Amino acid sequence: MAKDIQGLGLGLAVRFSGSEFARKYKLRRPAEKLAYAGTKKGFEVIGQMVAKKKAKKSEDPKMLPEPSTAGLFDLTLSEEQQMIKDTVRSYAEEVVRGLAHDANEDMKLPETYLQDIMDLGLNYFSVPESMGGAAQSYSPTTNAIIAEELAWGDFSLAYATLAPVAVANAIVKWGNQKQKEKYLPEYLAETPVKAAIAVQEPAPLFDPAKLSAKAKKTKAGYTISGVKSLVPFGGEASMYLVAARYKRRNRLFIVPGDAPGVQWQAAPAMGLRATATGTLTLDKVLLGPDALLGDDSFNFEAFMDLGQLHWCALAIGACQAALDYLIPYVNEREAFGEPISHRQAVAFMVANIGIELESMRLMVWRAAALAEAGKPFHREAYLAHILCSEKAMEIGTNAVQLLGGHGFTKEHPAERWYRDLRVLACVNGGMHL
């Protein structure tokens, strides 16, 4: 009941914020804040109601105690996670998906895309409540769900949406108090933040454990040099989180986008075209004493594992979009007087996509859940990435194959999914759950 009332109130607030009346009298921003506050309050109300129900249930007399579920593999979404999932899917369906084709063709983000998507409040959920945001806890699982649902709308636009959030997540988890106080308030401002993590380097068989970018200590702070590839936002990012070798360890450095010695050159890729990817060159860039993220407890392996899980979640969303597109297509497309889904080869291929997709999702959620619980998750993250890299490419290929000649044309989105999903086998890091 609380969920229904909350959903109705949120829907009314969202509709009002987009109305002509709200635009005319400059009430759009207050209405959006009301919608955000209502969402947050709704989560709190739902949590209180669930707690009361559980407490009441526990008081009922039982012949035997409830079976223990401690330690069991349970990835059931909470009511809050389900609400977030439904909300993001709705936005992806109504807004993101309609922008995907033109953004891919133009090789840039729609003009007001980042500003408009701030209405979802993802920037607030990347900042702790103690600093004015809405994040109550660190939840890689919820972040994976958000990534999956946005990528269902479009992989490339989802990457552009979540790249700045990934920087905020890394600062929240690894940064010191001074860094949090300096950079996180930017995510609560009226204008969207353009920031990205730069790990990938233009080298054959790139190994993130052997970075060529180097950083050195100076009297005033640090100096950093190196080259990074597949960096988004067309050189317009205000901040980069750059991975570099420092004192025989891999560390992250906060680099201002306009710092002297920072150069960006366009390098369009096979996929992720809407994000305007390019090459970032750092030539002896001077950084302040607070540029090094975190302290000696920083865990680069865990950072990379979380990044790979983020890419996996994006791939799962795109693969789910492919499956949802293929099922009605093969049922409606006829050959020799019957739907092509009546052919076993087609039916088995679609069924295999569904099976592999579920295995991908469960492995990613399991690794994310372990990370969220503070348990070791390197093995699970590695296996999830291996599986998703292989199966995402297979699903992208089969989507093109099942559409036949249509799959080779831009009239249908299969060729775009194929190109975007290819990145999973090529990229290392660059995100953070």
Side-chain angles (χ1 to χ4, degrees), residues 95-96 99-100 102-120 122-123 126 146-147 150-151 153-171 183-184 186-202 213 224 226-244 252-283 285 287 291 293 307 310-311 314 416 419-420 423 426-432:
V95 179
V96 178
L99 300 173
D102 290 346
N104 175 75
E105 292 299 300
D106 297 339
M107 291 193 295
K108 64 180 183 180
L109 296 175
E111 188 173 350
T112 62
Y113 175 74
L114 292 179
Q115 184 70 54
D116 293 341
I117 208 165
M118 284 185 70
D119 296 347
L120 270 179
L122 298 182
N123 52 323
S126 61
I146 292 172
L150 275 177
D154 182 63
F155 191 115
S156 188
L157 292 178
Y159 173 49
T161 302
L162 297 174
V165 176
V167 173
N169 290 341
I171 293 175
Y183 295 106
L184 293 181
E186 296 181 18
Y187 287 82
L188 306 178
E190 298 293 322
T191 56
V193 176
K194 285 187 178 181
I197 297 174
V199 175
Q200 192 78 15
E201 296 179 349
I224 184 171
V227 179
K228 299 294 179 179
S229 57
L230 286 177
V231 181
F233 297 128
E236 297 179 354
S238 61
M239 173 175 52
Y240 298 103
L241 205 53
V242 181
L252 296 177
F253 291 83
I254 302 173
V255 180
D258 58 355
V262 175
Q263 297 180 342
W264 186 92
Q265 184 176 3
M270 177 181 180
L272 304 179
R273 293 169 70 84
T275 62
T277 57
T279 301
L280 186 71
T281 302
L282 309 168
D283 184 13
V285 179
L287 304 174
L293 187 70
H310 207 157
W311 283 112
L314 291 172
R416 187 173 71 250
R419 289 186 287 103
D420 286 340
V423 74
C426 307
V427 73
N428 288 276
M431 295 294 277
H432 191 289

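Bear in mind the structure is a predicted one, so any value in this text is a computation, not a measurement.
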Determine, stepwise, if the pair Val193 / Asn123 fulfils side-chain contact (heavy atoms from CB on, under 4.5 Å).
CA-CA 9 Å; Val193 176; Asn123 52 323; over 6 Å; no

CA sep, side-chain torsions, deciding dist, call: Tyr240, Leu282, side-chain contact (heavy atoms from CB on, under 4.5 Å):
CA-CA 11 Å; Tyr240 298 103; Leu282 309 168; over 6 Å; no

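Checked by atom type and distance alone, the side chain of Asp154 never pairs as donor or acceptor with a backbone atom of Val96 at under 3.5 Å. Here the side chain of Glu201 pairs no donor or acceptor atom with the backbone of Gly226 at under 3.5 angstrom. Using a distance-only test at 3.5 Å, with no hydrogens or angles considered, no donor-acceptor pair links the side chain of Lys228 to the main chain of Ala213. Ser238 places a side-chain N or O within donor-acceptor distance of the main-chain N or O of Lys194, the cut-off being under 3.5 Å. Counting only distance, with no hydrogens or angles, the side chain of Ser156 and the backbone of Ala274 share a donor-acceptor pair below 3.5 Å. Proximity of a side-chain donor or acceptor of Glu186 to a complementary backbone N or O of Thr191 within less than 3.5 Å is not detected.
Within a 6.0 Å sphere centred on CD of Gln265, heavy atoms belonging to other residues, nucleotides or ligands number 12 at most.
Aromatic ring pairs are classed by plane angle as parallel below 30°, tilted from 30° to 60° and perpendicular above 60°; the pair Tyr159 and Trp311 is tilted.
Counting heavy atoms from C-beta on, the side chains of Tyr183 and Leu241 never come closer than 4.5 Å. Side chains of Pro192 and Tyr113 form no contact here, defined as non-hydrogen atoms less than 4.5 Å apart. Taking the side chain as every heavy atom from C-beta outward, Leu162 and Leu314 approach each other to under 4.5 Å.
Checked options Val242, Ile224, Val255; the residue passing with Val262 is Val255 (criterion: side-chain contact (heavy atoms from CB on, under 4.5 Å)).
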